[in-house]
Structure formats: structure tokens, C-alpha cells
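Everything below concerns the one structure shown next.
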2 protein chains.
Amino acid sequence: MADDGPLKMADVARLAKVSMSTVSRALADNPLIPEDRRREIQRIAAEAGYVINQSARSLRMRKTQTIGVVFPLGHDVGQLISDPFFIEMFGRLADEITTRGYQVLLCRVTDTSDGWLNRIIQSHRQDGLVIVGQSDQHAALNQAAESYHPLVVWGGHLSGQVYCSVGTDNIGGARRAVDHLLGLGRKRIAFLGMLELPEISLRYEGYVRALRAAGIEQDPALVIPAHFSFETAYEAARELIESGTAFDAIFATSDIIALAAIQALAAAGIDVPGQVSVVGFDDIAIAAQSTPPLTSVQQDLAKGAKTIVDLLFKRMAGEDAPSATLLPKLVVRKSCGGASAA
Amino acid sequence: MADDGPLKMADVARLAKVSMSTVSRALADNPLIPEDRRREIQRIAAEAGYVINQSARSLRMRKTQTIGVVFPLGHDVGQLISDPFFIEMFGRLADEITTRGYQVLLCRVTDTSDGWLNRIIQSHRQDGLVIVGQSDQHAALNQAAESYHPLVVWGGHLSGQVYCSVGTDNIGGARRAVDHLLGLGRKRIAFLGMLELPEISLRYEGYVRALRAAGIEQDPALVIPAHFSFETAYEAARELIESGTAFDAIFATSDIIALAAIQALAAAGIDVPGQVSVVGFDDIAIAAQSTPPLTSVQQDLAKGAKTIVDLLFKRMAGEDAPSATLLPKLVVRKSCGGASAA
DNA sequence: TACGCTAACGCAATCGATTGCAAAATCAAG
DNA sequence: CTTGATTTTGCAATCGATTGCGTTAGCGTA
């Protein structure tokens with residue numbers, strides 16, 4: 001028994017001259033074992049460098065002490081973590097989760113075929129799931145939520161939604177952004193984003209409502225499909241510019257898209273905010289640092305992450321936590337001609 | 001047996017009217033089972049929505065299909081994911097790891113007491129480990145590497161190092177940065193960073209060598225301790241300014257420190273790059289967007305992450321992969337008075 | 001029909017912990 | 001010294017898969 005790989009609990013039992021049951025209970029601080037003996041066994045285990053094998057523990061306990069964080073798919077399976085918004089969200093979630101003594105498992109979905117979510121759930125690798133962004137998987141999420149409770153989604157609240165979600169008020173946020181542009185006297189406001197995604201379609205709804213309230217007729221030529229990656233967004237903006245369609249403002253549905261648009265405008269010699277005002281969405285860290293600094297609809301990710309994890313742990317405990325909506329805030333900076341941020 | 005929780009392999013065996021052994025082999029595409037029968041069993045399992053329980057599988061196979069990514073500790077156990085450099089690195093690593101069909105487990109070290117690394121290793125939660133940044137744990141890493149092979153560290157190559165590491169040439173990078181400042185005619189160059197950290201002390205080495213080569217005497221008053229967080233770095237820069245020590249350039253050992261220094265200089269009414277040139281380290285995304293855009297020593301994180309994961313998988317396969325050093329590149333932008341980036 | 005050989009398949013042990021239940025030890029009181 | 005109550009401890013089953021080894025089925029040949 002010299003070096004038969006790492007120690008097992010049985011080895012510790014032998015060292016302490018007790019049974020495995022006793023060791024197990026002692027390490028779990030079970031009061032069934034008298035306190036002094038518990039301490040003694042814990043000391044022996046620590047000195048021997050013994051660590052509980054988590055695979056075995058998980059199997060027996062049907063618990064993994066792990067939360068899975070799943071990133072979206074559907075639209076863009078390529079680069080996973082490139083998007084700054086997702087990264088920041090992931091960081092916040094990781095903080096909240098680890099603080100509660102759980103591990104974080106990053107799940108990337110490579111196989112989007114039917115039942116992908118069920119495959120993650122049934123793998124039993126985690127005790128609960130956070131899905132960041134509902135992408136185009138509303139139906140799949142709804143179905144999974146029927147039978148799997150410890151599941152919280154970051155995203156907009158959609159009609160007919162069964163699952164628990166946390167997200168900003170997309171309609172309200174968009175409304176606020178577009179109202180601001182209108183207040184600056186802008187009348188031909190372009191919309192950049194992918195209407196197929198539920199959250200984006202909500203932002204579109206806000207855009208439409210703002211225009212309608214201002215009595216401005218909506219021009220379909222101003223609605224441009226744009227993905228989340230910088231490159232494709234840049235292309236989209238360039239096409240808008242070259243199309244010759246007149247416009248004096250852009251409401252971009254993400255900061256990355258807004259930043260790409262600003263670059264495209266600069267390349268075309270169009271001044272921001274002189275000729276065109278630009279507003280983004282998310283208020284990621286770079287937004288304040290860009291040239292000009294970007295006006296953006298701020299999502300409070302720290303609060304969002306905390307809310308998500310709070311709800312998740314409630315659900316893991318069997319309670320039935322309801323969805324939550326956070327109120328977004330418009331952060332005004334120079335990119336739309338408003339005042340600079342303090 | 002109507003709804004006794006999720007299906008087990010035994011249930012599938014019953015459905016397919018074969019033994020568990022056969023189901024197990026069929027799902028593993030074991031050629032011992034004739035191909036048509038394999039397909040048949042796979043179909044039955046899929047239709048029943050069966051998914052292998054990973055805890056059980058891991059226990060038996062002694063494999064988890066998971067790579068652990070550990071973040072540093074020592075200096076700053078508080079906020080985990082705040083630093084943009086670490087975030088970006090994590091994203092890249094996650095991409096590389098998931099692409100190879102493995103999961104990513106984020107390990108946060110809450111208990112820094114003796115044997116923390118061993119505790120992670122022995123938990124058997126992962127098949128391999130990436131440690132991002134050696135912090136002040138050189139000795140612990142060396143010790144763990146003696147017996148645990150699938151371990152790769154991001155960081156500088158130190159003398160007497162046993163573990164496998166991947167990192168940029170810190171001395172060379174710093175040397176290049178300081179040489180550039182000297183080339184601009186700067187003579188009193190301040191150094192901002194924590195000498196206690198091995199990587200930083202290597203950068204200091206490069207700083208010293210550059211000065212010596214230029215025949216400039218080194219002034220201890222110009223070496224300022226500065227942590228990685230924005231706030232403490234800002235404080236450090238402010239103290240330098242208020243100390244009255246004359247200086248015409250700053251070599252900051254991270255971009256965050258450089259950015260903080262620029263803000264402190266601006267607050268003191270000192271023009272960058274007019275009066276003081278500033279160079280950073282890392283070339284994080286914000287560097288190009290700051291005002292003025294920051295000159296920085298670029299670390300190619302994409303390549304770094306790929307190298308790390310390549311080496312790790314080699315080591316997991318039993319090969320003995322050596323450490324690697326990446327060549328950094330100086331990206332010149334306006335913050336030091338050089339030409340703007342293309 | 002009998003025999004040998006290979007291809008399929010299943011039995012049962014195993015991975016390393018946890019825990020219900022019952023046995024053993026301890027103690028107090030009669 | 002018994003008896004009963006109570007505290008400690010250990011046996012053995014269990015979690016759900018994988019796999020070495022032995023058995024059975026299937027086929028060709030003599």
C-alpha cells in the first residue's frame with residue numbers, strides 16, 4: 001500500500017483506527033461523532049493530505065455543488081466568449097456563485113439538435129442552471145422548465161413564458177433611448193439589430209412605440225439586420241450608409257454594434273455626434289472609453305447576476321421564485337450630442 | 001416504474017431487451033457490438049431521452065472530461081473576475097478547451113492555506129489544470145508539479161522552475177517598452193508595479209537593463225509599488241506626482257495601472273504625452289480606445305491560450321511538454337508621443 | 001452429426017463515497 | 001450485578017455506470 005495512487009477514505013479509516021462510516025461522518029462534521037474525536041479524525045485526514053473524491057460523493061449524494069452556466073447558441077455558435085457583454089455577465093455570475101460555495105461549470109453547446117437542453121440537464125453535472133440569453137430557444141426553454149426547476153434564464157420576459165427569467169425592461173430601455181434621440185431633434189432614426197431574437201424584437205417594440213408617440217412615420221428602410229459581432233455590424237452600418245437612405249441617428253441594439261457603426265461612420269467621413277447621433281445598449285466597460293464616449297442603455301449586470309443566482313438558489317431549495325425585471329437607465333455621453341458624463 | 005426520476009441505463013436495457021453491458025458498449029460505439037445493433041440501441045436511448053449520468057461515469061472511468069481553470073490569489077482574493085486581462089484570458093482558454101470537447105470548471109480558491117493546490121488536484125473534479133498567473137505561489141506550484149503532471153501555468157519562466165509554464169518574455173517586453181521611451185528622449189522614467197510578484201520583477205529586470213544600456217543612472221525614488229486595481233494604482237500615481245520627484249515618463253506594468261496613471265496625470269493638469277509619456281503592459285481591448293490611446297506591450301492571448309491548452313493536452317496524454325515563451329510586441333499609440341496606431 | 005472457432009453477449013465486480021439500521025459500548029439507577 | 005436508556009460505532013446496501021472474463025450462439029467444415 002505504499003503509493004497506490006491518492007488516498008481513499010478507507011486509508012484514512014485505517015490510519016485513525018476506525019471505520020469508514022466514522023471517517024465520513026467526522027469529515028462531514030456530523031454531531032453523531034463526539035466533537036473531540038471529530039477534530040482528531042479531521043486532523044489525521046488533513047495531515048495525510050486526504051481529499052474527498054468528488055465523483056464518488058456526487059454519485060452517492062446526487063449533488064455536485066456545481067452550477068452550470070450555459071451560453072446561447074442559435075445565431076452564433078462560432079466564437080463563444082468574444083462578446084464583452086457575455087464575459088462581464090459571466091464574471092459577475094461566477095462571483096455570486098462561488099461566494100455561495102458552489103463551483104461554476106461553463107457549458108458550451110456544440111450540438112444544437114433537438115433535446116440539447118435536456119442532454120445538459122440529464123447529465124447531472126450540475127445542481128442548477130443559468131442560461132445567459134434565450135437566443136431563439138424560447139420553446140426549448142419552456143419545455144425544459146416544465147420538469148426541471150433549478151433553472152433561471154437571463155433575458156426578456158416573453159409572452160407565454162413558463163421558465164423563470166431575469167432581464168431588463170427591453171421595451172422601456174429602448175423607448176428611453178429613442179425618446180432621447182427624438183428630444184435632440186433627430187427624426188430619421190435607424191434601428192440596427194436582429195429582429196429574430198426575442199430580446200431584440202422587444203427593443204424594436206420600444207423603438208416603434210417611441211416613434212409612434214412622437215407622431216413620426218416609421219421607415220422600413222431604416223431597420224437594418226445586424227448580428228452581434230463587430231465585423232458583421234460594421235458591414236451592416238456600411239451598407240446603410242452606402243444605401244443613400246437619409247438618417248440622422250442610430251439606435252444600436254448592443255454597444256458592439258454601436259461602436260462598429262461609429263467606426264463605419266468615421267470611415268465615411270460622417271461626424272458623430274455632429275451629423276449623426278448614436279445610442280447603444282448594455283453600457284459595457286468600453287462604452288465610456290470610446291471616442292466619442294457612447295451614450296448607452298445601462299443594464300446593471302452586478303444586480304442582474306445577484307438576482308439570477310438568488311432566484312436560482314431559491315428554486316434549488318424547492319421554493320417557486322418568480323421572474324424579475326430590472327429597470328434600465330440611460331447613460332448619456334457625447335456620442336449623441338448630449339452632455340458628457342460626469 | 002412510471003416516473004422514477006430520470007432514466008438509468010438499466011431502463012434502456014429493458015427497453016432494448018439487452019443487458020446493461022450491451023447498452024453501455026453500444027453507446028460508447030464499441031465495435032464489439034455489431035454496427036446495426038449499435039445504431040438501434042442508440043436510437044432507442046435517444047428516443048427515450050436517456051443521458052448518461054456523468055457522476056457515475058466519472059467515478060468508474062476516473063475521468064471527468066473537464067479542465068479546471070484556477071485564478072490567482074495571494075494578492076487579491078476579493079473580486080475575482082474584475083480584471084479585464086484575466087477575463088479575456090479566461091474567454092480564450094474556454095474557447096480552446098470546449099473546442100476539444102472538454103468542459104471548463106472555474107475554480108476559485110477561497111482557502112489559501114497550505115495545500116490549497118493539492119486540495120484542488122485530489123478532488124478529482126478535473127482531468128487537468130490551468131493556473132492563470134503564478135502570483136506568489138511559485139513554491140506551491142513547483143511542489144504540486146512533482147507528482148501531478150496535467151498542469152500548465154500562465155506566467156513568466158522563473159529560475160528553478162519545475163512546472164510547465166507559458167508566458168511572454170517579460171524582460172524583453174519591458175526592455176522594448178523602456179527602450180522606446182528612451183528613444184523619444186525621455187530620461188526620468190518611473191516604474192509602477194509590485195516587485196513582489198515574479199512576473200513583475202522580471203519586467204523590472206528589463207527596465208533596469210534598458211536604463212543601464214543607455215547609461216542612465218537608476219533612481220529608487222522612481223520605483224513605485226502599485227497593485228493591479230485601478231483605485232490603488234491611481235493612488236500610487238497621485239503620490240508619485242505629489243512627491244515632487246521629477247519624471248518625464250511612466251512605464252506601468254499593466255494597462256489598468258497605466259490608465260489609472262493617465263487619469264491621475266490629467267487630474268493634476270499634466271499633459272500626456274506632452275509632458276509625460278506613458279506605456280502600459282498587456283494591450284487589453286480598452287487600451288486602443290482610451291484617451292489618448294495607450295502604447296502597450298502586447299501579449300498575444302489567443303496564441304497564449306492555444307499554447308497552454310495544447311501543452312496541457314499533451315501532458316494529459318502522458319507526453320512531457322516543455323515550457324514555452326511568447327514574444328511580446330510593442331504597440332505604439334499616442335500616449336507616449338509616438339505615431340498613432342494604423 | 002460432431003467439432004472447432006469466432007462473434008455476441010451477459011454476469012458480477014468495481015470505482016469511492018454516504019447512510020439506514022442494528023450491534024456494541026457506556027452509563028445511571030435500582 | 002441487572003436492566004434499561006443512551007451514546008458510539010460499524011456492517012452492508014446503495015448511487016449508476018464500465019469492463020474483464022466466461023458463456024452462449026452461430027457458422028463452416030469434416
Side-chain angles (χ1 to χ4, degrees), chain A residues 1 4-42 44-46 48-66 119 121-127, chain B residues 1 4-42 44-46 48-66 119 121-127:
Chain A
M1 272 320 134
D4 220 6
L7 290 151
K8 305 190 294 183
M9 192 175 274
D11 299 321
V12 178
R14 205 170 307 124
L15 286 176
K17 300 193 204 310
V18 293
S19 73
M20 266 179 63
S21 321
T22 304
V23 174
S24 175
R25 289 195 258 255
L27 295 182
D29 256 330
N30 187 324
L32 225 52
I33 310 292
E35 176 147 0
D36 47 349
R37 186 171 271 277
R38 252 185 282 163
R39 297 246 180 288
E40 172 69 2
I41 294 178
Q42 288 168 3
I44 293 178
Y50 170 74
V51 181
I52 291 180
N53 179 315
Q54 292 298 334
S55 298
R57 180 168 217 270
S58 299
L59 174 59
R60 178 61 225 239
M61 309 258 298
R62 298 153 156 280
K63 285 211 160 207
T64 58
Q65 288 281 317
T66 301
R119 250 170 280 135
I121 293 173
Q122 303 295 343
S123 79
H124 287 273
R125 251 192 258 252
Q126 67 289 312
D127 299 339
Chain B
M1 275 309 140
D4 220 6
L7 289 151
K8 306 191 293 185
M9 192 176 273
D11 299 322
V12 177
R14 206 169 308 124
L15 285 176
K17 298 191 206 312
V18 292
S19 74
M20 264 179 65
S21 321
T22 303
V23 174
S24 175
R25 287 195 256 257
L27 294 183
D29 257 330
N30 187 323
L32 223 53
I33 311 293
E35 177 149 359
D36 48 350
R37 184 172 273 274
R38 253 185 282 162
R39 298 242 178 293
E40 173 69 4
I41 294 178
Q42 288 168 4
I44 292 176
Y50 170 74
V51 181
I52 291 179
N53 179 315
Q54 292 298 335
S55 298
R57 181 170 215 269
S58 299
L59 174 59
R60 178 63 223 239
M61 308 260 296
R62 299 153 154 280
K63 287 212 156 204
T64 58
Q65 288 280 318
T66 300
R119 251 170 279 134
I121 293 173
Q122 302 296 343
S123 77
H124 287 274
R125 251 191 258 254
Q126 68 288 313
D127 299 339

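Convention: sequence-line order gives letters A, B, ...; per-chain numbering from 1.
Listed nucleotides: D:dC15, D:dT9, D:dA17. Nearest to the side chain of B:N53: D:dA17.
The phosphate of C:dC15 (OP1 or OP2) has no side-chain N or O of B:R57 nearer than 4.0 angstrom. The phosphate of D:dA17 (OP1 or OP2) has a side-chain N or O of B:Y50 nearer than 4.0 angstrom.
B:R14 places its CZ atom 12 Å from the P atom of D:dA17, with the value rounded to the nearest Å. Distance, A:R62 CZ to C:dA17 P: 19 Å, rounded to whole Å. The interatomic distance linking B:Q54 (CD) with C:dC15 (P) rounds to 20 Å, in whole Å. Summarising the geometry, the separation between CD1 on A:I33 and P on C:dT19 is reported as 13 Å, rounded to the nearest angstrom. Distance CE (B:M9) to P (C:dA12): 19 Å, rounded to an integer number of Å. As rounded to whole Å, 8 Å separates atom C1' of C:dA7 from atom CG of B:L32. A straight line from CG of A:N30 to P of C:dG20 spans 10 Å, rounded to a whole angstrom. If you take CD1 of B:I52 and P of D:dG16, they are 14 Å apart, rounded to a whole angstrom.
Residues B:Y50 and B:L15 form no side-chain contact, since every pair of their non-hydrogen atoms from C-beta on lies 4.5 Å or further apart. With a 4.5 Å cut-off on side-chain heavy atoms, B:L7 and A:Q122 do not count as touching. Between B:N53 and B:K8, every side-chain heavy-atom pair lies at or beyond the 4.5 Å cut-off. Counting heavy atoms from C-beta outward, B:Q54 and A:T64 have side chains that stay 4.5 Å or more apart. Annotation: side chain of A:I41 is not in contact with side chain of A:R25 (no heavy-atom distance under 4.5 Å).
A donor-acceptor contact closer than 3.5 angstrom is absent between the side chains of B:S55 and B:S58.
Salt bridge B:R14/B:D11: present, at least one basic N to carboxylate O contact under 4.0 Å.
Residue contacts for A:R60: at a heavy-atom cut-off of 4.0 Å it reaches a base atom on one of the strands shown.
Heavy-atom distances to DNA chain C give each of B:R37 and A:V51 a nearest nucleotide, and the one nearer the 5′ end belongs to B:R37.
DNA chain C lies under 4.0 Å from at least one heavy atom of each of the following residues of residues 15-26 of chain A: A:M20, A:S21, A:S24, A:R25.
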